[in-house]
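Contents: one structure, followed by commentary.
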Protein chains: 2
Amino acid sequence: MENKSQRMTKQRRIILDELRKLTSHPTADELYEIVRQRLPRISLGTVYRNLDVLSENGEVLKLESAGSQKRFDGDVSQHCHVRCVSCGRVGDVQEALPEPDVSGVSAPGFTITHGVSEFYGVCEACRGGDELAAPGGRIRQ
Amino acid sequence: MENKSQRMTKQRRIILDELRKLTSHPTADELYEIVRQRLPRISLGTVYRNLDVLSENGEVLKLESAGSQKRFDGDVSQHCHVRCVSCGRVGDVQEALPEPDVSGVSAPGFTITHGVSEFYGVCEACRGGDELAAPGGRIRQ
DNA sequence: CTGGATGCAAAGGTTTTGCACGCTA
DNA sequence: TAGCGTGCAAAACCTTTGCATCCAG
């Protein structure tokens with residue numbers, strides 16, 4: 001179920017290539033800006049369409065968990081993420097952790113298939129940051 | 001840090017009241033439709049503003065899901081959620097589970113404060129559903 | 001060649017915001 | 001009465017889509 005009948009266009013190859021180079025889990029428009037340096041005429045719509053295709057093929061990860069914008073990860077190996085509660089940035093957890101055990105877990109009206117551990121914290125930029133007053137501050141990115 | 005200098009308006013009280021009655025983790029507009037039955041002249045903006053205030057005060061939970069609609073939970077006691085990978089609906093896990101241990105977990109550039117287990121699966125409506133062909137289908141709500 | 005992919009621009013869906021007025025404390 | 005909260009509408013934001021054209025296989 002990996003490869004359908006899809007073409008490896010120049011755009012798709014470069015999007016995948018740049019995303020794999022990054023560890024920053026960029027948003028679609030951040031990646032768009034980066035890819036634009038190699039393909040100045042690419043459109044944001046193309047970036048979105050390719051990220052969709054690539055994530056359905058399992059070649060990239062679409063991180064839907066929080067923040068306002070989706071973020072993407074070129075590293076599809078099993079690993080956990082941290083999210084900055086202040087700005088939404090995402091980082092990789094270094095340790096390999098087991099997935100939460102699903103066997104004793106139930107929820108009425110749902111068939112549970114898997115679980116993930118998600119971590120939260122503050123990134124360096126926001127720790128140094130000052131415009132964030134409230135402890136338990138709002139999410140802004 | 002709970003209560004600032006905020007007023008308990010009729011709108012805010014009814015929003016909180018209705019949300020606490022529900023176990024469905026409604027989106028803002030779903031809750032808007034429900035609250036409208038008691039306050040026909042309330043605006044959607046007011047619902048959003050109050051859900052913001054209430055979640056900052058810790059009186060409700062804002063369940064963030066990037067790129068789609070946020071959902072809200074009137075039950076702020078510690079419990080885990082399941083998300084339907086097909087429609088985005090959220091349910092409550094019945095078992096009380098421990099939070100992932102943060103002590104041995106690190107990520108470069110981040111100060112990790114806590115972790116949660118999140119579960120994924122399929123809800124009843126989507127299991128019975130038919131318009132979902134692809135195994136590993138796309139998220140639509 | 002053929003049909004999937006692109007660029008462009010417009011539309012779509014969700015959330016936020018400015019403003020004048022209303023109402024809680 | 002003061003100033004937070006409201007309703008309304010417009011704007012902002014992120015993502016998706018229609019269409020004519022392009023190009024990978």
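Quick note on labels: first sequence line is chain A, next is B, and so on, each numbered from 1. What's counted below: heavy atoms across the whole structure, side chains too, no hydrogens, waters or symmetry copies.
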(message) Taking ring-ring contact (aromatic ring centres under 6.0 Å, His included) as the cut-off, I'd like each qualifying pair that reaches into residues 23-57 of chain A, sequence neighbours left out, listed once.
(response) A:H25-A:H81
(message) Nearest whole Å is fine: how far is D:dT6 C1' from B:I14 CD1?
(response) 14 Å
(request) May I ask you to verify whether the side chain of B:R49 and the base of D:dG7 hold a donor-acceptor pair under 3.5 Å? (result) yes
(message) Between B:S106 and A:E95, is there a side-chain donor-acceptor contact under 3.5 Å, judged purely by atom types and distance?
(response) yes
(message) Tell me if a side-chain donor or acceptor on A:T113 pairs with a main-chain N or O of B:Y120 at a distance below 3.5 Å.
(response) yes
(request) Answer yes if A:V102 and A:L97 sit in the same cluster of Ile, Leu, Val, Met, Phe, Trp and Tyr residues linked by side chain heavy atoms under 4.5 Å apart, and no otherwise. (result) no
(request) Would you mind reading off the distance between B:I42 atom CD1 and D:dC8 atom C1', rounded to a whole angstrom? (result) 13 Å
(message) Between the side chains of B:R36 and B:E33, is the shortest nitrogen-to-carboxylate-oxygen separation below 4.0 Å, so that they form an ion pair?
(response) yes
(request) For DNA chain C, find the residues of residues 29-40 of chain A with a heavy-atom distance under 4.0 Å and give them by number; none if there aren't any. (result) none
(message) Nearest 0.5 Å, please: how far is CD in B:Q11 from CZ in B:R49?
(response) 10.5 Å
(message) In this structure, how many angstroms lie between the P atom of D:dC14 and the CG atom of A:L51, rounded?
(response) 15 Å
(message) Keeping B:N57 on the side-chain end and B:E59 on the backbone end, is there a donor-acceptor pair under 3.5 Å?
(response) no
(request) Please check if the side chain of B:R12 supplies one atom and the backbone of B:L51 the other of a donor-acceptor pair under 3.5 Å. (result) no
(request) For DNA chain C, find the residues of residues 16-24 of chain A with a heavy-atom distance under 4.0 Å and give them by number; none if there aren't any. (result) none
(message) What's the separation between atom OG in A:S24 and atom CD in A:E30, rounded to the nearest 0.5 Å?
(response) 6.5 Å
(message) Just to be sure I follow the notation: if a pair is Watson-Crick (purine N1 to pyrimidine N3 plus N6-O4 or O6-N4) or a G-U wobble (N1-O2 and O6-N3), each under 3.5 Å, what dot-bracket string does DNA chain C give, with | for pairs to another strand?
(response) |||||||||||||||||||||||||
(request) Check side-chain contact (heavy atoms from CB on, under 4.5 Å) between A:S43 and all other residues, then give those that pass, not counting sequence neighbours. (result) A:T46
(request) Kindly determine whether B:E18 and B:K21 satisfy salt bridge (Lys or Arg N to Asp or Glu O under 4.0 Å), including the steps that lead there. (result) CA-CA 5 Å; B:E18 290 295 333; B:K21 281 200 261 180; 3.3 Å; yes
(message) Distance check, rounded to the nearest 0.5 Å: A:L31 atom CG versus A:I14 atom CD1?
(response) 11.0 Å
(message) Within this structure, what is the OG1-CG distance for the pair A:T9 and A:N50, rounded to the nearest 0.5 Å?
(response) 5.5 Å
(message) Whether A:K62 and A:D73 form a salt bridge (side-chain N of Lys/Arg under 4.0 Å from carboxylate O of Asp/Glu) is what I want to check.
(response) no
(request) Grab the CZ-P distance between B:R13 and C:dC23 for me, whole Å please. (result) 14 Å
(message) Without decimals, in angstroms, what is the distance between B:R41 CZ and C:dG22 C1'?
(response) 12 Å
Protein-nucleotides 23-25 of chain D N/O pairs closer than 3.5 Å?
{"from": "D:dC23", "atom 1": "O2", "to": "A:R7", "atom 2": "NH1", "distance (Å)": "3.4"}

(message) Just the rounded figure in Å: distance from P of C:dT14 to NZ of B:K62.
(response) 16 Å
(request) Look at the side chain of B:D52 and decide which nucleotide, out of C:dT16, C:dT15, D:dT15, has an atom nearest to it. (result) C:dT16
(message) Can you tell me which nucleotide in C:dG7, D:dT15, C:dT15 comes closest to the side chain of B:A28?
(response) C:dT15
(request) Specify the separation, in whole Å, of atom OH of B:Y48 and atom P of C:dT16. (result) 7 Å
(request) Let me know the distance between CG of A:L44 and C1' of C:dA11, rounded to the nearest Å. (result) 15 Å
(message) Side chain of A:S43 only, heavy atoms from C-beta on: which candidate in C:dT15, C:dC8, D:dG7 is closest?
(response) C:dC8
